Each structure stands twice: as C-alpha cells, then as structure tokens.
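Below you'll find the structure, written out as structure tokens, and then a few comments.
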2 protein chains.
Amino acid sequence: MILSTYNKEDKVLLAVDCIIFGFLKDELKILLVQRDFEPEKGKWSLIGGFLKKEENLDKAAIRILHHLTGLKNIYMEQVYTFSKVDRDPAERTISVAYYALIDIATHDEKILKQNPIQWFNLKNAPKLIFDHNRMVEKAIARLRRRALSKPIGFELLPDKFTMRQLQKLYEAILDSKLDKRNFINKFNSFDILIKLDEKDMSSSKKGAYLFKFDQEKYNRKVEDGFNFKI
Amino acid sequence: MILSTYNKEDKVLLAVDCIIFGFLKDELKILLVQRDFEPEKGKWSLIGGFLKKEENLDKAAIRILHHLTGLKNIYMEQVYTFSKVDRDPAERTISVAYYALIDIATHDEKILKQNPIQWFNLKNAPKLIFDHNRMVEKAIARLRRRALSKPIGFELLPDKFTMRQLQKLYEAILDSKLDKRNFINKFNSFDILIKLDEKDMSSSKKGAYLFKFDQEKYNRKVEDGFNFKI
DNA sequence: CCAAAAGTGTTGCGATTACACCCATGC
DNA sequence: GCATGGGTGTAATCGCAACACTTTTGG
C-alpha cells in the first residue's frame, strides 16, 4: 500500500557487490576476497559493502572498489539487483551487482598490497558465498554482450597492446576461438586503432607491433552513427 | 566500512516502479497513474510501490502491478536500479524499475475499471515525476534489445493475430519501418507460428489470416540451439 | 638452420535487402 | 468496378567464414 507519507514502509539494507574482471596471460580473471567477518567468515566472496545515505549506487561501487583495491578511475557498470529474501542469512539484504574492468598488468602491485584478496581464473574460481556465483554469471553474460557491441576490452588491456593480445581477450570473454585474419581485418575496418612504431618483443623473436586505442576517433565515429559489432 | 554485524549500516526505502507497455492500433503505449498523494500529487507517474520485508523484488513488482491493474500472470523483467540521492524529494528512496508487457485488447476492461490510471501513446506521454522519464527510456532500450533477440512481442498481442499486426508491433518497438515481404519471410523461416484457418475481417475486405505463437515448438527449438534474430 | 610467432588477401556462400504485381471483397 | 489492404518470389549485394603461406630472428 502506498501511503501519503512513506513512514510505515519497510526499510532494508542495500549492499553493492563488485564483480571485478581482469585479464592476464590470455586468461580472464576475477578478484575475490576472503571474508573476515561472520557469517561465512573465511569463505571466498565478491568485494562488497553497503550503500550510505548520502551517496548513489555508482558512487558506492566506486568507493567500495577503491577502498579494497586502492584503484580509481575504473570502468564500472550496474548489472542487476538481487533480492531473494534469505540470500544473506544474517539479515535481509538487497544487493546491487556492479562489474568492473581492470588492467591487471598496470595495476597489479597496488592491488596485491591488500592482503586477503586474490585473482582467480574465471574457469576455476572457488564456490562463493550467498548468491555471488549467480552474480558472476550475470556479469559475464553482460560483459559478453557488451564486448560484442562496444570496444570494451581496452579497459582490460594495457595502454599499448598487440593484436594478438586483443584477440585473446575477445576469445576469453566470448569463450570461443576466433580466426586470426578475420579478427584483424574486422578490427582494422573499424579504423579505431593507432598502430605504433614500437614492437613488443616479449612473446616472439620477430616481435609484434603495438597498438593504441584512438578514443577520440572512436567517439567521433559513434556520434556519426558508427556501430561497433564484432 | 564492513562491520562484523550489519547494525551500523544505513537502511533505505526500496521502491519498485513499473513501466507497463501495451500495444493497440499500431501504437506502443504506457500505462500511467495520477499520483494521489504528496509529493507531486496530481502529476503523472509510473505505477509503483515499496518492497516489503518478506518478498523479493520480482514478487513486489507482480504485487504492485496486480494491485493497481487487477492483472496477473504478466511478463515482467527487472531493468535497472535508480539511486540518485535526491530523486525523491520526500525521502531517500532507491527504486528498481521493472517493465511489463500487456495485451491491451484482451485485458483492457479490467484495467480501466481502476480510475486514475490511463494509457498514453509512448510518443506523446506527459512529463513524469522524479526520474520516471529516464526509467521509461531505459525500459524502451531494453525492450528493443529484447525484441531483436526473442519473440517477445507475443505478450503484447492477443492470442490470435495477423502478420500485419505483428509487423506493426515490431515497427513500433524498433521505431522503424520494416519491409512487409522480408518481415514475413524471415518470421516464417523461424517456423514458430501456427497459421489458423480463421481470418480477421476487421481491417480489410479480403480478410487476413490469423496466427498463433507455437510456444512448445519455440521452446524445443531454443533447446536445440535455435537463435531468434530479427 | 630451425622453431615459433607475426603478418597478410582472396574466394564461396549464406543472409539481407530491395523491389512490384495480382488477389479478394465490400462498398 | 474500384479502392483497400492481403498475399507472394526473385535477383543483386553485402558481410562472414574459411583458408595457407611467407617473414623474422633468437637460439
């Protein structure tokens, strides 16, 4: 029933849980924390926290991520709100899931200073508390859809990257093999990468050219109705 | 800060607002209510209510829709959670938006018994309270994406419908003209409709064949990896 | 000199698009 | 008999997928 004041309505705890994706050595990873409080103390969990009265959810997600990893200016996006009545046995809690994309290679030192948090390969991540595994699934589905329609992967790669790295990233996100030539041809046809004179020598004798994402050009193209589509 | 009990955390009001889509006379419509309480009394608003402690959000959305329209067994889906600090001037409220799809032709009598609610053409709907217009936008975007990848429109049409009605529905959702022959050819290629012997005589002298959606066949196809794609 | 990864184009096929005429009937 | 909406097929084009060999160089 709606009342003319809201006084009689139930209030609830609103949590934010973050599915933090990273990419390293051709593998998609997620960052997990070992819970240091009851219930489920010691178990692996998504990084989370509670919404405060004076902030919106986006801000809360940014604050929680920053607090537990030290990272700022990270791409985040709301995924879904989970509300099963007994999802948290301690108390009725609604949780809004956000996913974040992190370039591990550039940020790893910062993150791993924090103790009880750890990267897991997505494929062999542990069982998580509550409904966190479902949250991860939803976030992956979302990431996948996003990757097909936006050049989202750049958030997960260093500033300079090789075509092969980019391809491996898409393969990890989409969980399928892609053809090398077709992938490169398609990406080049978008014309949103800058080919550098530099080479990355770490993965082969011949060396592989490095590329950068041309954000400006991409934005202009989007405004002109360009549609990214892998 | 996460504490070992949640006692110190802020609690908030959690609302559910419903973007209710209908389709009649080739037009996509939304159902709105004139608010009968402060703040913003008398203004047009989405149909909404508050989450109760003992229900999850899906249940709350169903309850709220049923309470204000009398309808049951309606397709609903969570869209997004809105949390701007001052979105509701009366009190800090977070709102989870759901969209619903209703076949107006079949259900209209029930709905219009209720007094202060009314269908509006999407194109000339009034300005809504709070951030409700943004909610509608998000819901449309979601509906659009959904319509491209699932035969979602059947929720919006009567049990029996003509090809032309189906096409007009897609045109309304996608906000673009479609070619008559291409549309029918594509839809027939999916093979998920049952052509009836009956004709609808209301729109032309010749009459147009009626079709039904073959839910069973569709489900079987989806299980076999079929991918609906307009 | 050879192993290992990088780089590079072409072709066939299937899907999408564009397009125009006859049909049935109520008035 | 004519105006109105219903119904139907084909050809041209485009985008996607499949595919193999040469280059470079550290060891």
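What you are looking at is a predicted structure, and each value in this text was computed from that prediction instead of being measured. A note on names: the letters A, B, ... follow the listed sequences, proteins ahead of strands, and every chain is numbered from 1.
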So how far is it from A:Ile30 CD1 to A:Lys123 NZ, rounded to the nearest 0.5 Å? 12.5 Å
Taking the nucleotide of DNA chain C with the closest heavy atom to each, which residue, B:Lys229 or A:Ser203, is nearer the 5' end? A:Ser203
Between C:dA3, C:dG26, C:dG7, which nucleotide has the shortest distance from any of its atoms to the side chain of A:Lys205? C:dA3
Among the nucleotides D:dT8, C:dA6, D:dG5, which one has an atom lying closest to any side-chain atom of A:Arg164? C:dA6
Check the distance between C:dG7's P and A:Gln165's CD and give it to me in whole angstrom. 11 Å
Could you tell me the separation between the CZ atom of B:Phe183 and the P atom of C:dA18, rounded to a whole number of Å? 16 Å
Among the nucleotides D:dG7, D:dA17, C:dC19, whichever has the atom closest to the side chain of B:Asn182 is C:dC19
Which nucleotide sits closest to the side chain of A:Lys206: C:dA24, C:dT8, C:dA6? C:dA6
Of the options D:dG9, D:dG26, C:dG7, whose atoms approach the side-chain atoms of B:Asn185 most closely? D:dG9
To the nearest Å, give me how far apart NZ (B:Lys177) and C1' (C:dA18) are. 16 Å
Integer-rounded Å distance: C:dA5 P and A:Lys199 NZ: 15 Å
Atom CG of A:Asn227 to atom P of D:dG15: distance rounded to whole Å? 13 Å
Starting from C1' on C:dA6, measure out to CE on A:Met163 and report it in whole angstrom. 12 Å
Nucleotide of C:dC19, D:dC19, D:dG7 approaching A:Arg181 most closely (side-chain heavy atoms): D:dC19
Work out which heavy atom in A:Phe211 is nearest to a heavy atom in A:Met163; give both atom names and the distance. CE1-CG, 3.6 Å
Do A:Asn219 and A:Gln215 have side-chain atoms, one donor and one acceptor, less than 3.5 Å apart? yes
Between C1' of D:dG15 and CZ of A:Phe190, the distance in whole Å: 12 Å
With a cut-off of under 6.0 Å to the ring centre and 45° to the axis, is A:Lys150 in cation-pi contact with A:Phe228? no
Among D:dC19, D:dG5, D:dT8, which nucleotide sits nearest the side chain of B:Lys195? D:dT8
Atom pair CH2 (A:Trp119) and CD1 (A:Ile20), whose distance is rounded to the nearest 0.5 Å: 6.5 Å
From CE of A:Met201 across to P of C:dA5 the rounded distance in Å is 14 Å
May I ask you to say what A:Lys186 touches in the nucleic acid, namely base, sugar-phosphate or nothing, with a heavy-atom cut-off under 4.0 Å? sugar-phosphate
Contact nearer the 5' end of DNA chain D, comparing B:Thr162 with A:Gly207: B:Thr162
